[in-house]
Protein chains: 2
Amino acid sequence: MLKPHHIAALKHIALLGGLHESVILTSKQLGIALGVSQQTASQRLLDLINDGLISRDIISRREYVKLTPKGMEVLRREHADYKRLFEVGKKLLLKGTIVSGLGEGAFYMRQKGYKEQFKKKLLYDPYEGTLNLRLSSSDISKLDIMRQSDGIDIDPFESDGRTYGGAKCLPAKIANIDCTIIMPKRSHHSDIVEVISKQNLRGKLGLKDRDIVELSVFL
Amino acid sequence: MLKPHHIAALKHIALLGGLHESVILTSKQLGIALGVSQQTASQRLLDLINDGLISRDIISRREYVKLTPKGMEVLRREHADYKRLFEVGKKLLLKGTIVSGLGEGAFYMRQKGYKEQFKKKLLYDPYEGTLNLRLSSSDISKLDIMRQSDGIDIDPFESDGRTYGGAKCLPAKIANIDCTIIMPKRSHHSDIVEVISKQNLRGKLGLKDRDIVELSVFL
DNA sequence: ATTACTAAAATACGAGTAG
DNA sequence: TCTACTCGTATTTTAGTAA
């Protein structure tokens, strides 16, 4: 289990330059920086190595540490949280028409592996269904921007022997109702976006196929 | 002493909306979110209140929490750290074709009110002309991102009884030459970007209308 | 329903120190 | 020097429970 003080140590290493290169770091230095003893700092480093968040090399009697891709990912998510807090108001307007899904949206929404992550990361329990929107052609290029922006990551998982893919979530609003755009990580580029919400959007807004709606997405 | 797990709790409250308003939060909910017991979460809340990072009110038997200015400041510092880590050297690639302006670019570049600001804020004296680029359609939506990013502000001013509008500048590179994208603040959305540089880019790069060029923009 | 107290259990910490 | 082990102690956490 990854704890806040591990993230703090990881962040310190990253700020020293360990995000991009190997940096010399003794456990004593780390201890001073974090306000703990050398022994504790040493243990923190071991924990981080154990969790695969940093790698360590000894080159000519000096210890070099460097973040692994997994470690970077942890910090990138922290960053995404802070961006959500302080960089709100960057928004994109999407326009599209309602289309029917094949019901797979609801199937995925029922999977425990997703439901738990939604609750934890989106901070609400979504309605078990998705609203599918076919974007107007002039807005399709905005999908690239959305893919590039950070968003909230949903991790892939396995269940009953099959694999469920990861996704990226972006907070949005449709007719003043809070919702979330969910973009599968390894989907083929498409002109359809899926929207989930605490409520049944289709019912609540009285939407039917071919209706045109506008959606604000917050990057 | 403020510990990492206090910051984690503070961040969670902020993400729930406590940055801007009072939000209902029970110690049980907080405990679940942080992966600790109700009792521990209760203690965390008390610590945060004690440190003056959040305030708590009881309204009709519900407890509302909200960050204090001091609490916001703590998170803002965290945010600044992550920005240093991830928001240096973020760049966007633009592709477009060279088009002719109507010479107004050069007119504006000659205005003392602009020239002085360029010198002071861009740290160089731009060539008195602009290179105009019509973006490829797939890159037009990147303009939104550029408008929302911070950039360097050029202030509006008055001279000879007329008003000259403000603009936002973004550092860029074209064929490895440093340049600056200048975006008028109150322009109608357009697919054309204007580029200025110390040198006469058109001459230096031997560009003519309809040539296709790539531009890196640093956000 | 809550919050939060007390006491026991679990965990983390740092001193001493080996390698 | 350094890292990182053991182990006694301090702190933190949680269960039980009162308010």
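Just so it is clear: chains get the letters A, B, ... in the order the sequence lines come, proteins before strands, and each one is counted from 1. Everything numeric here is computed off the predicted structure, so don't read it as measured data.
Relative ring orientation between A:Phe157 and A:Tyr114 is described as perpendicular, the plane-to-plane angle rising above 60° on a 0-90° scale split at 30° and 60°.
Enclosure of atom CD1 in B:Ile177 by more than 12 non-hydrogen atoms of other residues, nucleotides or ligands within 6.0 angstrom is indicated.
Judged by the 6.0 Å distance and 45° axis criteria, A:Arg162 is positioned over the aromatic ring of A:Tyr164.
For A:Asp57 and A:Lys66, the salt-bridge test fails: no basic side-chain N is under 4.0 Å from an acidic carboxylate O. Taking the charged nitrogens against the carboxylate oxygens, A:Lys112 and A:Asp160 have no contact shorter than 4.0 Å, which rules out a salt bridge. Between A:Asp211 and A:Lys208 there is a salt bridge, with a side-chain nitrogen of the basic residue lying less than 4.0 Å from a carboxylate oxygen of the acidic one.
Using modelled atom types, one finds no donor on one side chain facing an acceptor on the other under 3.5 Å when comparing B:Asp51 with B:His6.
Taking a 4.0 Å limit (strictly below) on heavy-atom distances, residues 35-49 of chain B reaches DNA chain C at B:Gln38, B:Gln39, B:Ser42, B:Leu46. Less than 4.0 Å separates DNA chain D from no heavy atom of any residue of residues 4-17 of chain B.
The backbone N or O of A:Gly52 lies less than 3.5 Å from a partner atom in the side chain of A:Thr68, making a donor-acceptor pair. A donor-acceptor pair under 3.5 Å is formed between the side chain of A:Gln117 and the backbone N or O of A:Asp155.
If you take CD1 of B:Ile58 and C1' of C:dT3, they are 9 Å apart, rounded to a whole angstrom. As a whole-Å value, the separation of A:Leu25 CG from D:dC2 P is 12 Å. For B:Leu30 and C:dT2, the CG to C1' distance is 14 Å, given to the nearest whole Å. Rounding to whole angstrom units, NZ of residue A:Lys28 and P of C:dT17 are separated by 17 Å. One interatomic measurement links the two molecules: CD of A:Gln29 to P of D:dT1, which rounds to 14 Å at whole-angstrom precision. Regarding B:Arg56, its CZ atom lies at a distance of 7 Å from the P atom of C:dT3, rounded to whole Å.
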*Might you work through the salt bridge (charged side-chain N to carboxylate O under 4.0 Å, His left out) test for B:Arg76 and B:Glu73, ending with a clear yes or no?*
CA-CA 5 Å; B:Arg76 238 194 290 280; B:Glu73 185 53 31; 3.6 Å; yes
*Show your reasoning for whether side chain to side chain donor-acceptor pair (under 3.5 Å) applies to A:Thr130 and A:Tyr108.*
CA-CA 9 Å; A:Thr130 64; A:Tyr108 289 115; over 6 Å; no
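Taking side-chain N and O atoms only, B:Lys3 has a distance below 4.0 Å to OP1 or OP2 of D:dT12.
Relative to the axis of its first five pairs, the axis of the last five pairs of the helix from C:dT2-D:dA19 to C:dG19-D:dC2 sits at 40°, rounded to 10 degrees.
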